[in-house]
Amino acid sequence: MGGSFETSDRESIQHLRPLRVPSLKQGIYSRAKEMVADLDGWSLVSEDEATGTLRCERKSRLLGGKARITITVEGPEGIPSTTVSIRSETDGGLLSHDKVNVAEFMKPFHRRVC
């Protein structure tokens with residue numbers, strides 16, 4: 001099995017929607033990178049500061065496979081308006097924990113930047 005989930009404005013749960021903050025893109029990108037380092041079981045695989053993209057892995061959960069997580073930080077340069085979106089994809093395992101992975105990042109990140 002496997003699966004995927006991406007933040008969407010159609011979601012009713014706040015932590016499953018893209019996060020919009022009235023802050024500069026660069027500062028939010030740095031905070032997102034710090035958040036990945038602070039989460040147990042998460043590791044940064046690659047980053048592209050120019051595009052605002054962080055690619056991460058989440059260790060396998062019980063009955064779930066390893067997740068590949070992409071965090072995208074978007075916003076105009078020099079204007080305090082930034083949007084953070086996340087996509088989680090899991091290969092293997094019996095259960096998909098992709099929504100859980102997104103919320104695991106977004107809940108504490110929301111507290112950190114809002």
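Any value given below was found using the heavy atoms of this structure, including those in side chains, with hydrogens, waters and symmetry copies removed.
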J.: Please, which pairs that meet salt bridge (charged side-chain N to carboxylate O under 4.0 Å, His left out) have at least one residue in residues 39-53, sequence neighbours excluded?
T.: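 Residue pairs with at least one partner in residues 39-53: Lys33-Glu47.
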J.: Check side-chain contact (heavy atoms from CB on, under 4.5 Å) between Lys99 and all other residues, then give those that pass, not counting sequence neighbours.
T.: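 Checked Lys99 against side-chain contact (heavy atoms from CB on, under 4.5 Å); matches are Phe5, Glu11, Leu16.
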J.: Measure the spacing between CD of Glu34 and CG of Leu44 and express it to the nearest 0.5 Å.
T.: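 If we round to the nearest 0.5 Å, Glu34:CD and Leu44:CG are 12.0 Å apart.
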J.: Let me confirm one number: the CZ-OG distance from Phe105 to Ser88, rounded to the nearest 0.5 Å.
T.: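 Separation between the atoms: 12.0 Å.
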J.: Could I get the full list of side chain to side chain donor-acceptor pair (under 3.5 Å) partners for Glu104, not counting sequence neighbours?
T.: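 Listed in chain order: Trp42, Arg58, Arg61.
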J.: Return a table of donor-acceptor pairs under 3.5 angstrom between the side chains of residues 74-85 and protein atoms on other chains or two or more places apart.
T.:
| unit_1 | atom_1 | unit_2 | atom_2 | d |
| --- | --- | --- | --- | --- |
| Thr82 | OG1 | Ser23 | O | 2.6 |
| Thr82 | OG1 | Lys25 | N | 3.1 |

J.: When rounded to the nearest 0.5 angstrom, what is the spacing between OG1 in Thr7 and CD1 in Ile71?
T.: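 It comes to 10.5 Å.
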J.: Determine the minimum heavy-atom distance between Glu89 and Ser4, stating which atoms define it.
T.: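 That would be CG-CB, 3.8 Å.
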J.: Name all residues meeting the side chain to side chain donor-acceptor pair (under 3.5 Å) criterion together with Thr53; count only those two or more places apart in sequence or in a different chain, and write none if there are none.
T.: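 Residues passing side chain to side chain donor-acceptor pair (under 3.5 Å) with Thr53: Thr51.
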J.: Of all the heavy-atom pairs spanning Ala32 and Val73, show the shortest one and how long it is.
T.: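 Here Ala32 and Val73 meet closest at CB-CG2, 4.4 Å.
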J.: Indicate every side-chain donor-acceptor pair of residues 106-114 with a distance under 3.5 Å to a residue at least two apart or in another chain.
T.:
| unit_1 | atom_1 | unit_2 | atom_2 | d |
| --- | --- | --- | --- | --- |
| His110 | NE2 | Gln14 | NE2 | 2.9 |
| Arg112 | NH1 | Asp38 | OD2 | 3.1 |
| Arg112 | NH2 | Asp38 | OD2 | 2.6 |

J.: Just how far is it from atom CD1 of Ile86 to atom CG of Leu54, taken to the nearest 0.5 Å?
T.: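 So the gap between those two atoms works out to 9.5 Å.
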J.: Could you work out, with salt bridge (charged side-chain N to carboxylate O under 4.0 Å, His left out) as the rule, every residue matching Glu57, not counting sequence neighbours?
T.: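 In terms of salt bridge (charged side-chain N to carboxylate O under 4.0 Å, His left out), with neighbours along the sequence ignored, Glu57 is linked to Lys66.
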J.: Partners of Ser30 by side-chain contact (heavy atoms from CB on, under 4.5 Å), sequence neighbours excluded?
T.: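 Partners of Ser30 by the side-chain contact (heavy atoms from CB on, under 4.5 Å) criterion, ordered by chain and then number, come out as Gln26.
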J.: Rounded to the nearest 0.5 Å, what's the gap from CD1 on Ile69 to OG on Ser43? Could you check?
T.: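 So the CD1 of Ile69 and the OG of Ser43 are separated by 9.0 Å.
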J.: Which residues pass the side chain to side chain donor-acceptor pair (under 3.5 Å) test with Glu6, sequence neighbours left out?
T.: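 Glu6: side chain to side chain donor-acceptor pair (under 3.5 Å) contacts with Arg87.
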J.: Who are the side-chain contact (heavy atoms from CB on, under 4.5 Å) partners of Asp9, not counting sequence neighbours?
T.: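 Listed in chain order: Pro18, Arg20.
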